[in-house]
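Before any comments, here is the structure.
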Amino acid sequence: MGSLKSFDKFLNKIDSALVTMKEESEWASTILDEGQTAKVYYYHTKDENVKRIIKETVNSLYDWEMPNHPEDLSFFINGEVWLATSSHERECYIFPKKWEVGEIMNINGIDATIEEDE
């Protein structure tokens, strides 16, 4: 997936919030081909400084793409994926609680398809 050197400066800015880094073949929005792995970084984002850095770093969720930024920004709540992106595919998946759906659908610019739980 390429060198991480191109975005070391960004990773260093949010290093204080790093929880862990894992070498994985699957994460919130991606499953790699057999035998392939990538470094997947997990951060706490409740820190106001980290929130600010994430918001100011790019203009779109889809800008989280190599070589300038880590790919596929995702957010978890209580260990469950809440938002997952596949940056190069320009796809974003949101897994809201039922009470959040109305708020999300009212965000300007959202082109959404709602899939009901089975």
Side-chain angles (χ1 to χ4, degrees):
M1 296 200 70
S3 170
L4 299 180
K5 296 293 181 203
S6 58
F7 48 81
D8 273 351
K9 186 175 179 181
F10 171 77
L11 294 179
N12 288 337
K13 285 183 184 178
I14 62 171
D15 189 59
S16 64
L18 180 66
V19 175
T20 189
M21 184 281 293
K22 299 178 183 177
E23 191 87 15
E24 298 182 317
S25 59
E26 183 175 338
W27 53 92
S29 64
T30 302
I31 300 173
L32 298 176
D33 291 335
E34 189 172 329
Q36 292 183 321
T37 62
K39 292 180 179 177
V40 180
Y41 292 80
Y42 294 87
Y43 293 88
H44 283 291
T45 55
K46 290 184 178 187
D47 178 278
E48 291 302 319
N49 186 50
V50 172
K51 285 181 190 179
R52 181 187 54 75
I53 292 168
I54 288 172
K55 287 187 219 178
E56 292 176 354
T57 297
V58 298
N59 294 319
S60 165
L61 286 174
Y62 307 124
D63 288 344
W64 291 98
E65 194 169 13
M66 302 238 338
N68 298 319
H69 302 98
E71 290 212 13
D72 302 342
L73 183 68
S74 299
F75 292 92
F76 295 78
I77 297 175
N78 297 325
E80 292 185 25
V81 68
W82 185 85
L83 179 142
T85 62
S86 179
S87 304
H88 70 280
E89 297 288 344
R90 300 191 63 77
E91 294 178 352
C92 177
Y93 305 94
I94 303 173
F95 304 94
K97 302 296 182 204
K98 287 194 184 290
W99 61 268
E100 296 173 302
V101 172
E103 290 180 41
I104 292 169
M105 295 302 291
N106 287 322
I107 296 173
N108 189 25
I110 294 273
D111 178 19
T113 302
I114 297 175
E115 294 182 17
E116 296 292 328
D117 291 340
E118 294 180 28

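Counting begins at 1 with the first residue of the sequence.
Between Gln36 atom CD and Glu23 atom CD the span is 11.5 Å, to the nearest 0.5 Å. The CH2 atom of Trp27 sits 9.5 Å away from the OG atom of Ser86 when rounded to the nearest 0.5 Å. The NZ atom of Lys39 lies 10.0 Å from the CG atom of Leu11; values are rounded to the nearest 0.5 Å. The distance from the CG atom of Asn49 to the OG atom of Ser16 is 6.5 Å, given to the nearest 0.5 Å. One distance of note links NE2 of His44 with CD1 of Ile14; it measures 12.5 Å at 0.5 Å rounding. Atoms NZ and OH, on Lys22 and Tyr42 in that order, are 5.0 Å from each other to the nearest 0.5 Å.
Checked by atom type, the side-chain pair Asp72/Thr30 shows a donor-acceptor distance below 3.5 Å.
Using modelled atom types, one side-chain atom of Thr85 and one backbone atom of Leu73 make a donor-acceptor pair closer than 3.5 Å. A side-chain donor-acceptor contact under 3.5 Å links Asp47 to the backbone of Val50. Under the 3.5 Å distance criterion, the side-chain polar atoms of Glu65 are left unmatched by any main-chain donor or acceptor of Glu71.
Counting only heavy atoms from C-beta outward, the side chains of Pro70 and Phe10 approach each other to under 4.5 Å. Side chains of Trp64 and His69 form a contact here, defined as non-hydrogen atoms less than 4.5 Å apart.
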Practice prompt. Show your reasoning for whether side-chain contact (heavy atoms from CB on, under 4.5 Å) applies to Thr37 and Glu24.
Written response: CA-CA 5 Å; Thr37 62; Glu24 298 182 317; over 6 Å; no
Check your understanding: Is there a side-chain contact (heavy atoms from CB on, under 4.5 Å) between Leu83 and Cys92 once you walk through the steps?
Key -> CA-CA 7 Å; Leu83 179 142; Cys92 177; 3.9 Å; yes
Test side-chain contact (heavy atoms from CB on, under 4.5 Å) applied to Val19 and Tyr43, step by step: CA-CA 5 Å; Val19 175; Tyr43 293 88; 5.5 Å; no
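Surrounding CD of Glu80 are at most 12 heavy atoms belonging to other residues, nucleotides or ligands under 6.0 Å away. Counting heavy atoms of neighbouring residues, nucleotides and ligands inside a 6.0 Å radius, atom CG of Asn12 exceeds 12 of them.
For Trp82 and Tyr93, the ring centers are positioned 6.0 Å apart or more.
Heavy-atom minimum distance, Thr45 versus Lys51: O-CG, 3.1 Å. The shortest non-hydrogen separation linking Ile31 to Glu26 is CG1-CG, 3.6 Å. Residues Ala84 and Ser29 come closest through the heavy atom pair CB-CB, 4.1 Å.
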